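Owing to the predicted nature of the structure, the values given are computational and were not obtained by experimental measurement. Throughout, a chain's letter reflects where its sequence line sits, starting with A, and its residues are numbered from 1.
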There are 2 protein chains.
Amino acid sequence: MSGEPGDDREQLDYLSFVDYAVARTARELPDIDALAMRFVLTLHRATSALVYDLESSVHRPRGLTWPGFRLLFVLWLAGPAEAKRVAELTGMSRAAVSALVKTLEREGLVCRRQVAHDRRSVQLALTEVGRVAIADAFAAHNAREQDWVGVLSESEVVTLIGLLGKLMAGSARIAARRRS
Amino acid sequence: MSGEPGDDREQLDYLSFVDYAVARTARELPDIDALAMRFVLTLHRATSALVYDLESSVHRPRGLTWPGFRLLFVLWLAGPAEAKRVAELTGMSRAAVSALVKTLEREGLVCRRQVAHDRRSVQLALTEVGRVAIADAFAAHNAREQDWVGVLSESEVVTLIGLLGKLMAGSARIAARRRS
DNA sequence: CTCCACTAGTCAAAGCTTTGACTAATCCCT
DNA sequence: AGGGATTAGTCAAAGCTTTGACTAGTGGAG
């Protein structure tokens with residue numbers, strides 16, 4: 001596995017790299033599980049492409065980042081919540097939420113309050129500006145999601161969701177590491 | 001959509017948030033495409049969980065980051081290549097590759113050379129240390145990938161790969177934004 | 001040959017993430 | 001009530017990413 005020339009390496013791009021990588025690995029490292037490799041490469045590339053498109057076409061033009069959108073979205077749906085809970089629901093670490101909220105608070109989208117029953121915790125909530133921003137962003141976000149999903153049939157999407165759910169459910173069985 | 005209490009918000013966590021969000025949105029914003037919403041939420045969460053597990057259980061313990069692993073992987077398979085090409089194959093921007101290579105070069109995993117025919121471009125290649133590092137990391141990476149994929153049947157994985165491929169292929173049709 | 005457009009790469013500022021340390025408040029056991 | 005263990009949140013250092021600007025080098029049109 002040295003990358004010497006003389007192979008079929010012409011006109012390789014982001015899409016075809018997966019095929020190239022799997023073919024080459026299968027040839028030179030037969031002990032590797034090629035299907036698992038292809039799956040993870042494909043999943044990662046598809047998700048990256050989707051997230052990049054949503055962030056750059058929907059959120060950045062509105063002054064939001066992808067993590068900012070996700071945090072506002074959780075507050076919008078779940079209501080005012082303590083930082084710890086927001087971290088759990090968004091899948092971010094507590095430190096990441098803390099840093100992100102600092103930005104969102106400065107922009108006037110979120111506010112922090114002391115909680116009565118436990119002076120350690122901080123309650124996070126949308127401001128009125130934040131509520132309007134997330135409602136607008138989510139509408140555009142969902143429209144763009146529809147464009148993406150539109151290339152699949154409804155039953156294909158249902159199948160995909162089901163299999164991804166099974167994958168997630170299985171992560172507990174293999175003791176996958178999760179954010180603290 | 002205000003997050004007032006009195007709903008079914010108890011014992012909500014990272015996994016069940018998708019169900020909660022979709023149910024609530026379907027109830028209060030009937031114009032939203034709930035299936036597209038569920039799909040994107042599920043895809044993003046599944047991928048994040050997988051990447052977090054691979055990075056924290058396989059790569060960080062070896063002193064690699066996830067982007068570092070990806071860049072080494074491309075150089076390993078595609079052979080020495082100009083920075084622009086590495087950016088295309090990894091899906092990173094040229095600026096991101098430039099910054100990442102600075103770290104990898106400092107750690108002695110990658111080296112930079114001038115190219116003869118065009119004095120603007122820089123050729124990137126693995127060092128011997130880099131070659132050993134990526135070979136070791138990829139073996140462990142693939143073993144972990146197998147654990148994840150092991151919860152699905154082979155035909156389920158093939159289905160998943162096919163549908164994700166169709167999704168990616170469709171992104172051209174909707175003029176999805178891609179990294180420059 | 002000259003000039004202008006384009007290309008490769010780097011840099012800088014700002015943002016998000018991670019780990020690990022640290023503070024402050026709460027809990028619980030004796 | 002006292003004291004140790006937990007827990008919530010923040011901070012700091014280091015790394016990666018983005019956008020946009022900037023430097024060099026290349027190449028084609030006149």
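- In the displayed structure, A/Q114 atom CD is contacted under 6.0 Å by more than 12 heavy atoms of other residues, nucleotides or ligands.
- Summarising the geometry, the separation between CZ on B/R113 and C1' on C/dA8 is reported as 18 Å, rounded to the nearest angstrom.
- Contact of the B/L163 side chain with the A/V157 side chain is not registered, since no non-hydrogen atoms from C-beta on lie closer than 4.5 Å.
- For A/S98 and D/dT10, the shortest distance from a side-chain N or O to OP1 or OP2 is below 4.0 Å.
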If the sugar-phosphate is the primed atoms plus P, OP1 and OP2 and the base is the rest, what is the B/S/- string for nucleotides 14-27 of chain C, using protein heavy atoms under 4.0 Å?
-> -SSBBB-----BS-

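- Distance CD (A/Q114) to C1' (D/dA8): 11 Å, rounded to an integer number of Å.
- Salt bridge B/E88/B/R85: absent, no basic N to carboxylate O contact under 4.0 Å.
- Between A/D147 and B/R173 no salt bridge is recorded (no basic side-chain N to carboxylate O distance below 4.0 Å).
- Other residues sharing the hydrophobic cluster of A/Y14, ordered by chain and number and joined by side-chain separations under 4.5 Å: A/L15, B/M168.
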